[in-house]
Structure formats: C-alpha cells, structure tokens
Trainee: 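Below is the structure I would like to discuss, written out as structure tokens.
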Amino acid sequence: MCPRLCARICTVCLVWCPKYRRPVLGGRVAVRLDELIRQKAGERGWEIVTREVMPDHVHLFVKHDPKSSASYVANQFKGFSSRILREEFPHLRSQLPTLWSSSYFAASVGAVSADTVRRHIDTQWGRPWKKQKGEGP
C-alpha cells in the first residue's frame, strides 16, 4: 500500500483516428489540432512527452495524474478537439458525421520504455517496407 503522501504519475500511449480513417488532419487542421492538444494538457496538468499528428491518425504519449483513467484522458482530447476543429473548419462538418472514430488505442507505458514509444511515434512518417520512388530492385 502506498503512503498517504505518495506521488504517482501514469504514462499512456494513445492513438485515435478520424471517422472512416479519412486523411483530414493535414495543413492548418494539423497545426490547430496540435495547439488544442497542448492547451488541453495544460488545463489538466498533464505533460505531453511526444505527439504526432498524421493525416489519418494521432499518436500521443502523455503523463497524467493517477485519478484520470486512460479512457478519460483520450476522451478529453478527442471531445475538446472535435468541437473546436469542427467549428473552425466547416469542411470537417460536411465531410464527416463526427470528426473522430469512437474507438482509440491506449497502452500504459511501463513494460515498454518511454524511449521506445517516442522512437515509434517519431518514425511513423517513414515506411521502411515501402520502397522510395526511383529505387530499383
């Protein structure tokens, strides 16, 4: 059992996608989403270790208080960002019934090092199994 004045920090890796995994998170939408993620984390006192906004999904590695469950953390980011992005970018309202898919991936970071998760997120733009144009066999 933990003493009364114990301090704990939980770390979670979150991944979520737009509805139908549509690639709508580019350009100004991606920049604004990044701002909103940082804003919500600041409001809640959470620390963003690493984040990556891809055209069709978001990777987020966040440290949060132990009273907040992974589902609560994910839903705070998704709900807050959806409401504001759909207000500021009308094409998101017309293209999708809701911005985010109802599902998400959450994994607590403990057995996997923080460095491994950070490396995974940082390398999502490169696809080593796909050959670059101009590369021959």
Side-chain angles (χ1 to χ4, degrees):
M1 194 187 245
C2 186
R4 261 186 119 172
L5 299 175
C6 169
R8 291 187 185 173
I9 294 178
C10 301
T11 308
V12 66
C13 177
L14 298 171
V15 180
W16 69 89
C17 304
K19 190 80 168 173
Y20 312 122
R21 196 140 186 196
R22 294 238 173 103
V24 296
L25 304 176
R28 294 180 340 162
V29 174
V31 171
R32 184 65 174 129
L33 175 57
D34 190 59
E35 292 169 358
L36 293 172
I37 287 171
R38 285 186 279 122
Q39 180 183 340
K40 179 51 78 173
E43 288 173 6
R44 305 297 304 170
W46 301 332
E47 178 189 347
I48 302 297
V49 177
T50 268
R51 69 190 169 285
E52 186 70 49
V53 177
M54 307 285 284
D56 65 346
H57 66 283
V58 177
H59 280 262
L60 187 61
F61 183 34
V62 61
K63 291 182 180 180
H64 62 91
D65 60 280
K67 289 186 178 182
S68 300
S69 66
S71 63
Y72 178 78
V73 174
N75 287 323
Q76 284 292 298
F77 285 119
K78 289 172 65 179
F80 176 70
S81 62
S82 176
R83 182 178 54 81
I84 293 174
L85 288 175
R86 288 168 61 88
E87 285 173 5
E88 294 179 4
F89 299 95
H91 71 276
L92 295 176
R93 283 195 311 265
S94 63
Q95 288 181 354
L96 299 166
T98 61
L99 178 57
W100 303 120
S101 164
S102 59
S103 62
Y104 61 90
F105 169 79
S108 63
V109 178
V112 176
S113 73
D115 188 49
T116 301
V117 172
R118 191 176 300 112
R119 223 176 21 253
H120 169 70
I121 291 172
D122 290 343
T123 60
Q124 286 305 293
W125 283 103
R127 305 284 191 227
W129 59 87
K130 289 186 177 180
K131 290 187 177 183
Q132 298 295 322
K133 286 185 177 181
E135 286 184 10

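Small disclaimer: the values here were computed from a predicted structure and weren't measured. The analysis underlying the following values was restricted to heavy atoms, covering all of them including side chains, and did not include hydrogens, waters or symmetry mates.
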Trainee: Tell me, yes or no, whether the heavy-atom count around K19 atom NZ, taken from other residues, nucleotides or ligands under 6.0 Å, exceeds 12.
Mentor: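 Buried by this count: over 12 neighbours within 6.0 Å.
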Trainee: Can any side-chain N or O of K40 pair as donor or acceptor with the backbone N or O of K78 at less than 3.5 Å?
Mentor: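 Absent.
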Trainee: Would you compute the distance between atom CD of Q76 and atom CD1 of I37 and round it to the nearest 0.5 angstrom?
Mentor: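 Taking CD in Q76 and CD1 in I37, the distance rounds to 13.0 Å.
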Trainee: Is there a continuous path of hydrophobic side-chain contacts, each under 4.5 Å between heavy atoms, that joins V15 to M54?
Mentor: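 The answer is no; the residues belong to distinct hydrophobic clusters.
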Trainee: Which heavy-atom pair separates P66 from C10 by the least distance, and what is that distance?
Mentor: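 Of all heavy-atom pairs spanning P66 and C10, the closest is CA-SG, 3.6 Å.
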Trainee: Taking all heavy atoms of A70 and all of V12, pick out the closest pair and write down the distance.
Mentor: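 Nearest pair, atom of A70 first, then V12: CB-CG2, 4.0 Å.
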Trainee: To check you understand the geometry: which heavy-atom pair defines the closest contact between A30 and L25, and what is its length?
Mentor: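 Taking A30 first and L25 second, the nearest heavy atoms are CB-O, 3.2 Å.
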Trainee: How long is the span from the CG atom in N75 to the OG atom in S102, to the nearest 0.5 Å?
Mentor: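 Separation between the atoms: 10.0 Å.
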Trainee: Work out which heavy atom in A106 is nearest to a heavy atom in L14; give both atom names and the distance.
Mentor: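 So the minimum-distance heavy-atom pair works out to CB-CD2, 3.6 Å.
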Trainee: Looking only at non-hydrogen atoms, find the nearest pair between R22 and Q95 and report the distance.
Mentor: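 Smallest interatomic distance, heavy atoms only, reads NH1-O, 2.8 Å.
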Trainee: Is there a path of hydrophobic side-chain contacts, each under 4.5 Å between heavy atoms, that joins V58 and Y72?
Mentor: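 They do share one cluster, since a chain of ILVMFWY contacts under 4.5 Å joins V58 to Y72.
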Trainee: Evaluate the ring planes of W16 and F77, with Trp represented by its six-membered ring, and classify them as parallel (under 30°), tilted (30 to 60°) or perpendicular (over 60°).
Mentor: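 Ring orientation of W16 relative to F77: parallel.
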Trainee: Find out whether W100 and C17 are in side-chain contact, i.e. whether some heavy atom of one side chain is under 4.5 Å from a heavy atom of the other.
Mentor: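 Side-chain contact under 4.5 Å: no.
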Trainee: Nearest 0.5 angstrom please: Y20 OH to T98 OG1, how far?
Mentor: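 Result: 7.0 Å between the selected atoms.
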Trainee: Hey, could you give me the CG/CG distance between L85 and L92, rounded to the nearest 0.5 Å?
Mentor: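 Going from the CG atom of L85 to the CG atom of L92 covers 6.5 Å.
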Trainee: Give, for atom CZ of R32 and atom CD of E88, the distance between the pair rounded to the nearest 0.5 Å.
Mentor: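 If I round to the nearest 0.5 Å, the distance is 4.0 Å.
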Trainee: Is it the case that the side chain of S94 and the backbone of H91 share a donor-acceptor pair, with hydrogens and angles ignored and the cut-off at 3.5 Å?
Mentor: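 It does hold such a pair.
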Trainee: Show your working on salt bridge (Lys or Arg N to Asp or Glu O under 4.0 Å) between R38 and E35 and close with a plain yes or no.
Mentor: CA-CA 5 Å; R38 285 186 279 122; E35 292 169 358; 5.1 Å; no
Trainee: Between R86 and L99, which heavy-atom pair has the shortest distance, and what is it?
Mentor: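 Shortest heavy-atom separation between R86 and L99 comes out as NH1-N, 3.6 Å.
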Trainee: Measuring from L33:CG to R51:CZ, what's the distance to the nearest 0.5 Å?
Mentor: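 Result: 10.0 Å between the selected atoms.
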